[in-house]
S.K.: 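Handing you this structure, nothing more for now.
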Amino acid sequence: GNSGGSLVGLMGVQGNSGGALGNSGGPLVDLDGAVIGINNMKALAADGVSFAIPIDFAMAVVQQLAKHGRVMRAYIGMKMLELTPGILAQIREQDPSFPDVKKGVLIPQVHPGSPAEKGGLRAGDVIVEFGGIPISSVRQILERIGFQSGERFKVKVIREGGRVADLWVTSEEASAP
């Protein structure tokens, strides 16, 4: 089912269950009784606020463990910065020639030898489409990459001077930390 949480579990699901110290780890259910997450953290400074791992993410991990005996992650090899209006204003103040975009994800660094570098991505590129969808957040890219390595993604970037480049990047399996 769709919990409304992130597939990659970046944000988790915020609940308003009372959760107390020592009772984390159980299911988070909606009003229909459907499990939408696994409680894993209580916010100590906020009474009645807890966080849970989205059930979609938990099920993807279970499938990875069953299939491979471990969790496999896909890797592209670039740092990403979500372009909010505030960040765009700061960048444009320092660099008036920055591409004229309203949203997207800036690549401040590409790791040498990575799939991103092999696909032609460069530091300074702004991703505006990834895998066929318009991009406004880092989360969208991470959700698209997911767990499956070896997938080929079309990436549309805006480069310095407003040049548009359509590139192809193939994910690889991330090495263990």
Side-chain angles (χ1 to χ4, degrees), residues 1-89 101-108 115-116 126-157 169-177:
N2 184 1
S3 65
S6 165
L7 174 64
V8 292
L10 290 177
M11 302 300 285
V13 175
Q14 182 177 338
N16 59 2
S17 59
L21 290 175
N23 74 350
S24 63
L28 176 66
V29 296
D30 65 13
L31 293 175
D32 295 326
V35 176
I36 62 168
I38 302 170
N39 289 310
N40 69 333
M41 181 173 60
K42 178 186 182 317
L44 294 176
D47 193 34
V49 176
S50 62
F51 296 91
I53 299 165
I55 198 64
D56 292 346
F57 179 74
M59 293 306 296
V61 167
V62 167
Q63 290 169 352
Q64 287 281 314
L65 290 171
K67 187 174 181 181
H68 306 288
R70 63 190 174 93
V71 177
M72 298 173 66
R73 302 291 292 217
Y75 166 76
I76 297 284
M78 60 190 177
K79 292 191 176 180
M80 296 182 279
L81 176 66
E82 196 166 303
L83 294 175
T84 63
I87 290 172
L88 277 166
V101 295
K102 302 277 185 262
K103 61 184 179 179
V105 171
L106 173 66
I107 304 172
V126 176
I127 298 173
V128 292
E129 286 184 21
F130 190 93
I133 62 167
I135 293 299
S136 59
S137 72
V138 170
R139 185 194 305 190
Q140 289 174 298
I141 295 172
L142 295 175
E143 287 177 344
R144 193 72 185 89
I145 294 168
F147 292 97
Q148 186 64 42
S149 61
E151 268 197 62
R152 194 165 180 245
F153 299 99
K154 185 175 183 181
V155 183
K156 180 183 242 175
V157 299
V169 176
T170 303
S171 64
E172 295 177 1
E173 183 180 344
S175 55

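Counting begins at 1 with the first residue of the sequence. Nothing here was measured: the structure is a model prediction, and the numbers come from that model.
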S.K.: With side chains defined as the heavy atoms from C-beta onward, is the minimum distance between I135 and V128 less than 4.5 Å?
M.R.: no
S.K.: Do you know the tightest heavy-atom contact between E173 and S149?
M.R.: N-CB, 3.3 Å
S.K.: How long is the straight-line distance from CD1 of I133 back to CD of Q140, given to the nearest 0.5 Å?
M.R.: 5.0 Å
S.K.: Can you list the residues that meet the salt bridge (charged side-chain N to carboxylate O under 4.0 Å, His left out) rule with E151, with sequence neighbours excluded?
M.R.: none
S.K.: Per the side-chain contact (heavy atoms from CB on, under 4.5 Å) rule, which among V105, I145, L142, V169 passes with F130?
M.R.: I145
S.K.: Could you state the interatomic distance from CG (L88) to CG (L83), rounded to the nearest 0.5 Å?
M.R.: 4.5 Å
S.K.: Which atom pair, heavy atoms only, marks the closest approach of A116 to G77?
M.R.: CB-O, 3.8 Å
S.K.: Taking all heavy atoms of K103 and all of S136, pick out the closest pair and write down the distance.
M.R.: CD-CB, 3.6 Å
S.K.: Over all heavy atoms of both residues, which pair between V138 and E82 is shortest? Give the atoms and the distance, please.
M.R.: N-OE1, 3.0 Å
S.K.: I need the I141 CD1 to I107 CD1 distance, nearest 0.5 Å.
M.R.: 7.5 Å
S.K.: Between the main-chain N or O of A34 and the side-chain N or O of D32, is there a donor-acceptor pair closer than 3.5 Å?
M.R.: no
S.K.: Just verifying a value: how many Å separate I127 CD1 and L81 CG, rounded to the nearest 0.5 Å?
M.R.: 11.5 Å
S.K.: Just wondering, do K154 and K156 contact through their side chains at under 4.5 Å, heavy atoms?
M.R.: no
